[in-house]
Amino acid sequence: MSYKQKLLVFSLLIGILPVLILGGISTKLFTNLVQEEVDLHQQSILRHFQTQLDSYITRLDHMSVSLATNSLILKGVEAGVSIDSIDTSVEFINEIQNMVTNTDIPINITVILKRHNAVYSHLSGIMRQIEYPNSEILKLQWTGSNTFYKIPPYTYQNQSDLLIVRAIPVNSPSPNGILVLHLDMARPMEIVEQTLPAASRGLLVFDDQDSLIASGGDWERADGVYLKEAIARLFSQGNELPGRIEEKGKIYLLTTIKSTSNGWTYVAVTSSQELSAKSNQIEKVSLTLILGICLIWGAVAVMGSRKLVNPLQSLVAKFSGHDVKHHKHDVITTLDRTMHDMKYVNERLMLQINEQTPILKEHALLSLLRGVLSSDSDASRNWRTYTEALQGDWFCVGIVEIDQMSELKQQYKENDLWLIMYALRKLVEEIGEAYRPVLGVSTKPGQIAFLMGLDEPGEEADELTRRFAANIGEQVKQFFSYSVSVALAEPRYGCENIHVSYREAQSFMIYRLTMGPDSLLLPERIRIAMNQSLSELIKIERKIISSMVQGVYDQASDGVGELVREAMQSLHSLESMAGLLVHLIGELETAFQDYGVELTEVIGSDAILQIYGLDRSEQLLKWMDERIIEPIRLHMEQHQVPKRRKIVQAALAMVREQLESDISLQQIADDLQISRPTLSKWFKEETGEDFREHLIRIRMEKAKEWLQHSDMSIKEISERLRYTSVPNFSRIFKQSTGMTPGVCRNLLREESV
């Protein structure tokens, strides 16, 4: 089968089979649960009825004790209820009436006055004992231990009430009177009948002698009469009632509960046929719903399989270039092959990305250190990706510089020197793992800059960074044949200040001339070692570098002379002055690298070694002029200016060609394989405009041309010139031309007419 057919069959099976199976099972379970729920509900009703009846009996017992010990009742029993004892009789009657009035129990209170052969009932008043319907109570045996009786309904003829009987006075074997409390069973039975389920036949109550004493519900029909008699007959035989009984071809469910307080048994009877009718109705409705769900799901499965397969076919057609509907292979097979090919291509791309990641990471770190991380550069967008290992928002920048770099250049080839620098960088990062994550990058030959993230500055952070810096020098001497000096700048907040810390660390390196090799250059040590003469040397060195970069070579030569004269007063050693000039050459090499110039190719790789053979200051000055300044001047005049002009011309052409695209200075620099800062500087020198100013001017000229010679709307012009909105385009157009695009269009067209 094809994937579409498999999907349809699977959808039908997974959708319909569970509905049929679970629907059938749940319907049966629900039917059984309904029956169990009815039984539980009836048991709950019976327990409630039992609890209520037991509560009534308990309260009646308390009422009987209260009346049998009441002084007014005792006086009334002693004196009798008659005209002769009117006051006592009134108090006696009022006490009984108050007792009946103040209770919510449906009772009647009767007092048998044995000595006076009379009976008082709060309903019937005074009567003779012979007229009292329950006169058999007089035959009860009264002993010291048996002065309280509960007489179930129908014990005596025409007795439908529950009777609570107590001697007056209490515990008297020869009582003067007998107190009888009548509890009407009709009211509790009515309450129970209202709470019974619709399918229930009714309620039966049996006393502790297995006699039927009360019933409630629908027993008046013929089958009800026979059913009640059948249940009473079974109960009177002393047998435990079954859970179901059949009478006249009908099945009834019996729910039984027995009271622990009085031994009475309560039985609720439910018609199984009526209950089954409801269950059958539920079952029919459930089966109808199941069938409807199956039909709906079948339609959904057919439509869904088409909807799911069609996008796959379109997707495969886009990737493979074939119409899968008429293809001999299945859509999934074709998609699998296509995805396999894409996986192969992605693996190749990922391999290339992994190869380029270290270069991108190094470029991002160098951009951070040199402060050239502009908002539209790739390094700015990705620097957090490459520096995500750093922890904290404060950054500490340090420099590790090899003290014997000139000797190493003489001893090793360029590839070997690269391996040495790589090993030094990895060592710095590995040492940092014991403290905090560290990222290192080679900024120039012989120099490694490292970056450490901090949560916040303070004594603890200062102690950590200083121990780390000191450990670098110790580890390098242990594993390598050379020594290094380590400069550590003050921690600063945010990535935008990393280049400030880097320049500060670079400025510290010049103090190696006074502190010697293998130095740990910390801010506090620099402040102690700093003096006016050394500060002046740093200023002169920076002036020389600035003059060389700007091409003012005579001024740079004068600066070298000033540097040597100032150094003679403070360093007092030709070797120290030579070291100072070597440091100057290293800074020049770093500065010219930003302009695409390799200084070692201009002055020669062995030039620096010659400086240590000079023994007079005049020779140092002459050597700097002839071997450093003059070769750089010739190189820049012969090669750099034509190259600069050629690159700027190419950049101008790219601007004109790509005016309707999202062109940027970084994109042009990448295409021309030159750094963005260098291109920005050359562009300004050659054109007299910043790149952004030039781009806006060219776009506004193109906009004016379209406004005059085309029917394009202002919105269409702004979109073609890559502006995000018409208001933004109009604002820049007005700043550039002094008028809005609409006014400009009208003015230009009037002039052309």
Side-chain angles (χ1 to χ4, degrees), residues 370 401 405-407 409-410 443-447 503 506-507 509-510 512-513 533-571 573-645 674-675 677-678 681-682 684-686:
R370 293 172 182 171
E401 193 163 303
M405 191 59 194
S406 58
E407 289 86 345
K409 285 184 176 180
Q410 187 177 9
T443 52
K444 67 179 183 179
Q447 187 183 92
R503 285 200 296 267
Q506 280 185 313
S507 67
M509 274 298 170
I510 196 171
R512 284 191 304 167
L513 301 175
S533 299
L534 198 53
S535 300
E536 188 64 28
L537 291 177
I538 297 173
K539 293 180 181 178
I540 296 171
E541 182 184 81
R542 291 175 178 171
K543 290 180 181 178
I544 295 171
I545 296 171
S546 177
S547 299
M548 292 292 293
V549 171
Q550 295 176 11
V552 187
Y553 302 107
D554 293 338
Q555 185 177 337
S557 180
D558 294 339
V560 172
E562 184 182 358
L563 180 66
V564 172
R565 288 192 299 272
E566 186 67 31
M568 288 293 294
Q569 298 177 11
S570 57
L571 300 180
S573 168
L574 281 175
E575 184 178 355
S576 298
M577 284 192 292
L580 179 62
L581 294 177
V582 170
H583 183 270
L584 172 61
I585 295 171
E587 294 300 314
L588 286 172
E589 184 176 12
T590 301
F592 278 101
Q593 279 180 345
D594 293 337
Y595 294 87
V597 178
E598 292 293 337
L599 198 60
T600 54
E601 297 178 359
V602 177
I603 65 175
S605 58
D606 59 342
I608 298 178
L609 299 178
Q610 299 173 7
I611 196 171
Y612 290 101
L614 305 177
D615 55 3
R616 288 185 301 172
S617 60
E618 293 81 1
Q619 293 178 341
L620 290 174
L621 288 173
K622 184 179 180 181
W623 183 87
M624 282 293 297
D625 283 336
E626 295 178 353
R627 294 304 308 272
I628 303 298
I629 298 176
E630 185 64 17
I632 293 176
R633 183 184 67 80
L634 292 174
H635 179 83
M636 296 297 290
E637 290 178 353
Q638 295 175 4
H639 299 87
Q640 200 64 23
V641 173
K643 177 182 178 182
R644 179 179 66 187
R645 186 174 297 115
I674 189 173
S675 68
T678 301
K681 179 177 181 298
W682 289 355
K684 177 72 173 179
E685 292 172 352
E686 288 292 324

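Just so it is clear, the model here is predicted, and its values are computed rather than measured. In this chain, residues are counted from 1 in sequence order.
- In terms of the side-chain contact (heavy atoms from CB on, under 4.5 Å) criterion, D558 has no residue partners (sequence neighbours excluded).
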Q: Check step by step if side-chain contact (heavy atoms from CB on, under 4.5 Å) holds for E401 and Q506.
A: CA-CA 10 Å; E401 193 163 303; Q506 280 185 313; over 6 Å; no
Q: Take Q555 and K543 through the test side-chain contact (heavy atoms from CB on, under 4.5 Å) and record every step on the way to the result.
A: CA-CA 9 Å; Q555 185 177 337; K543 290 180 181 178; 5.8 Å; no
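- Taking CE from M624 and CD from Q619, the interatomic distance works out to 14.5 Å, rounded to the nearest 0.5 Å.
- Proximity of a side-chain donor or acceptor of S557 to a complementary backbone N or O of Y553 within less than 3.5 Å is not detected.
- Atom CD in E541 sits 8.0 Å away from atom CG in L588 (nearest 0.5 Å).
- Between I544 and V560, the shortest heavy-atom distance links the atoms CD1-N, 3.6 Å.
- Within the model, atoms CZ of R627 and CD1 of I632 stand 11.5 Å from one another, a figure rounded to the nearest 0.5 Å.
- Expressed to the nearest 0.5 Å, how far CD1 of I629 lies from CE of M548 amounts to 5.5 Å.
- The salt bridge (charged side-chain N to carboxylate O under 4.0 Å, His left out) search around E630 returns R633, not counting sequence neighbours.
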